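Residue numbers count from 1 along this sequence. Not measured: the values here are computed from a predicted model.
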Amino acid sequence: MNELVFFEIPKQNLKIQIVKKSDEILEQIRKESAETAVMPDVAQYYTDIYFPKAPSDRPYTFSSIVLSSDGKMAYGDNPSGPLIAKNNFLDPDGSLGDFWVLNVLRAYADGIIIGARTLLSEPGITCHVYEERLTRQRREVLGKKYQPCGVIVSLDGTDIPFDHYIFDVDPKEEYKLVIATSPRGAEYIMANSPLKHPVIGPFKTIEDVDHADLGELYTDFNAFPVIVTGQGENPDTKVLMYALKKWGLEKLCIEAPSYCTHLLQQGMLDEYFINYSMVFAGGQKSPGYASEFGHMDHPHADFLTLGIHESNFIFTRQKIRYGVTNETDLSGYKY
């Protein structure tokens with residue numbers, strides 16, 4: 001059985017210089033945040049981070065992604081997303097900064113959503129906080145007992161590699177992994193996976209979730225529950241989010257690019273942490289390349305923070321706005 005890997009990221013050249021902050025919006029968030037303190041390393045090497053309390057019907061969601069300067073999330077000859085940062089040969093410390101920020105967001109999160117296709121392209125990925133100091137500060141400062149729960153999303157289960165590293169990790173009673181899929185996906189998983197899969201659901205409506213006993217999430221760490229929503233091969237995202245909230249996941253870090261676009265379409269992605277590595281990748285591998293928004297009807301964003309590392313990386317925190325048109329009165333806008 002594999003072990004969870006922990007290590008300390010070198011900090012001597014990690015500092016991200018913040019060049020812009022939206023102080024008014026950030027102060028609103030701080031006042032209404034469930035967090036009362038900032039992890040010391042986050043304050044020292046990045047900037048203070050607070051998150052709003054989650055809505056009543058779903059977790060608060062934020063995403064982390066690194067893009068090339070021309071907006072691509074992977075190279076055409078290698079689909080591994082981390083290479084966009086790692087192969088910035090001008091600024092290897094900026095690449096470490098990008099990975100460290102991902103660990104920061106994981107440290108704040110109660111759950112991490114990844115796509116089954118990510119498992120196929122990244123054979124060693126897990127959903128825990130790799131960075132030792134952030135793991136400790138997550139527990140001591142934020143009061144989070146467990147590692148974030150990994151949530152693997154799949155439409156029909158056929159793209160899940162059940163022999164992946166992530167399914168063979170010694171959890172030491174702190175690391176949990178679940179699968180979210182459709183009824184058809186649950187049928188496929190139960191017929192083809194050698195793993196232990198308690199089935200939660202199926203849930204067609206939010207009321208179905210209210211009437212069900214979801215059970216305790218952090219129990220039986222060697223089982224991989226399958227939470228089933230929707231009908232046929234179509235999971236229901238709103239019902240899934242409601243169930244995850246009922247399960248105690250207040251904050252979700254979304255690490256599946258296509259799922260981010262799906263949440264944007266649903267109006268359920270709250271923030272986007274987009275880092276830009278100043279390399280050019282070309283090609284078509286951009287977030288949302290398979291979906292489109294209309295020129296008069298599309299999400300907008302405000303920069304909450306804007307930082308740089310050397311001359312080769314940009315670090316952004318963006319608050320998503322929905323329902324904005326050229327006739328929208330923004331005078332009373334609140335985050």
Joint hydrophobic cluster, [X] plus [Y], side-chain heavy atoms closer than 4.5 Å:
X    : Y    : result
I314 : I84  : no
V42  : I9   : yes
F89  : M278 : no
F62  : V129 : yes
L105 : F7   : yes

If you look at every heavy atom in [X] and [Y], which pair is closest and at what distance?
X    : Y    : value
W247 : L214 : NE1-O, 3.7 Å
M73  : P287 : SD-N, 3.9 Å
D170 : E3   : OD2-OE2, 3.9 Å
N87  : V279 : O-CG1, 4.2 Å
L14  : D93  : CD1-O, 4.3 Å
Y165 : G124 : CD2-O, 4.0 Å

Scan side-chain atoms only and decide if [X] and [Y] contain a donor-acceptor pair under the 3.5 Å cut-off.
X   : Y    : result
Y60 : E271 : yes
D70 : S68  : yes
N88 : S95  : no

Within the distance-only criterion (no hydrogens, no angle test), does the side chain of [X] pair as donor or acceptor with the backbone N or O of [Y] below 3.5 angstrom?
X    : Y    : answer
H298 : H295 : yes
T316 : Q318 : no
K144 : T135 : no
Y272 : C260 : no
Y75  : G282 : no
S121 : T118 : yes
S277 : F313 : no
T181 : L155 : yes
H309 : N13  : yes
E310 : N312 : no

Does the ring centre of H300 sit less than 6.0 Å away from the ring centre of Y322?
no
Could you check, using the six-membered ring where one of them is a Trp, whether F315 and F273 have ring centers closer than 6.0 angstrom? no
Using a 6.0 Å distance limit plus a 45 degree cone around the ring axis, check whether R317 lies over the aromatic ring of F51. yes
| task | Applying side chain to side chain donor-acceptor pair (under 3.5 Å), run through N234 and S182 and close with a yes or a no. | result | CA-CA 6 Å; N234 300 306; S182 64; over 6 Å; no
Can you tell me how far the [atom1] atom of [X] sits from the [atom2] atom of [Y], to the nearest 0.5 Å?
X    : Y    : atom1 : atom2 : value
L26  : Y50  : CG    : OH    : 11.0 Å
K176 : N222 : NZ    : CG    : 8.0 Å
L263 : S63  : CG    : OG    : 8.5 Å
I227 : I152 : CD1   : CD1   : 13.5 Å
L306 : Q17  : CG    : CD    : 10.0 Å
S311 : D91  : OG    : CG    : 8.5 Å

Applying salt bridge (charged side-chain N to carboxylate O under 4.0 Å, His left out), run through D210 and K246 and close with a yes or a no.
CA-CA 9 Å; D210 283 332; K246 294 276 286 188; 3.5 Å; yes
For this session: State, with a plain yes or no, whether a side-chain heavy atom of T126 is found less than 4.5 Å away from one of V169.
Result: yes
Is there a side-chain contact between V153 and I114 (heavy atoms, below 4.5 Å)?
-> no
Below 4.0 angstrom, N of the basic side chain to O of the carboxylate: do [X] and [Y] qualify?
X    : Y    : answer
R58  : D270 : yes
K86  : D98  : no
D57  : K238 : no
R106 : E255 : yes
D159 : R117 : no

Exercise. Going through the distances and angles, do F203 and Y242 end up as a ring pair (Phe, Tyr, Trp, His ring centres under 6.0 Å)?
Worked result: CA-CA 11 Å; F203 303 126; Y242 186 77; 9.6 Å; no
The residue among K53, R138, K251 that forms salt bridge (Lys or Arg N to Asp or Glu O under 4.0 Å) with E35 is K251
### Query
So K145 and R139, side chain to side chain contact (heavy atoms under 4.5 Å, CB included) or not? Walk me through it.
CA-CA 6 Å; K145 179 180 178 181; R139 183 170 54 249; over 6 Å; no
- request: Assess whether side chain to side chain contact (heavy atoms under 4.5 Å, CB included) is satisfied between I274 and L67, documenting all intermediate values.
  value: CA-CA 7 Å; I274 305 179; L67 300 178; 3.8 Å; yes
Exercise for review: Please lay out, stage by stage, how T158 and D156 fare under the test side chain to side chain donor-acceptor pair (under 3.5 Å).
Suggested key: CA-CA 6 Å; T158 60; D156 60 10; 2.7 Å; yes
Aromatic rings [X] and [Y]: how do their planes relate, parallel, tilted or perpendicular, breaks at 30° and 60°?
X    : Y    : answer
F162 : F167 : tilted
H262 : Y259 : tilted
F224 : H197 : tilted
Y45  : W100 : perpendicular

| query | Does the pair Y175 and C127 meet the rule for a side chain to side chain contact (heavy atoms under 4.5 Å, CB included), with working shown? | reply | CA-CA 8 Å; Y175 179 71; C127 292; 3.6 Å; yes
Only one of I160, I166, D168 passes side-chain contact (heavy atoms from CB on, under 4.5 Å) with H164, and that residue is I166
For K204, is the NZ atom crowded, meaning more than 12 foreign heavy atoms sit under 6.0 Å from it? no
CG/D297: more than 12 non-hydrogen atoms of other groups inside 6.0 Å: no
Before you tell me yes or no, could you show the steps for I16 and I308 under side chain to side chain contact (heavy atoms under 4.5 Å, CB included), namely the whole-Å CA-CA distance, both residues' side-chain angles and the distance that decides it to 0.1 Å? CA-CA 6 Å; I16 298 166; I308 60 172; over 6 Å; no
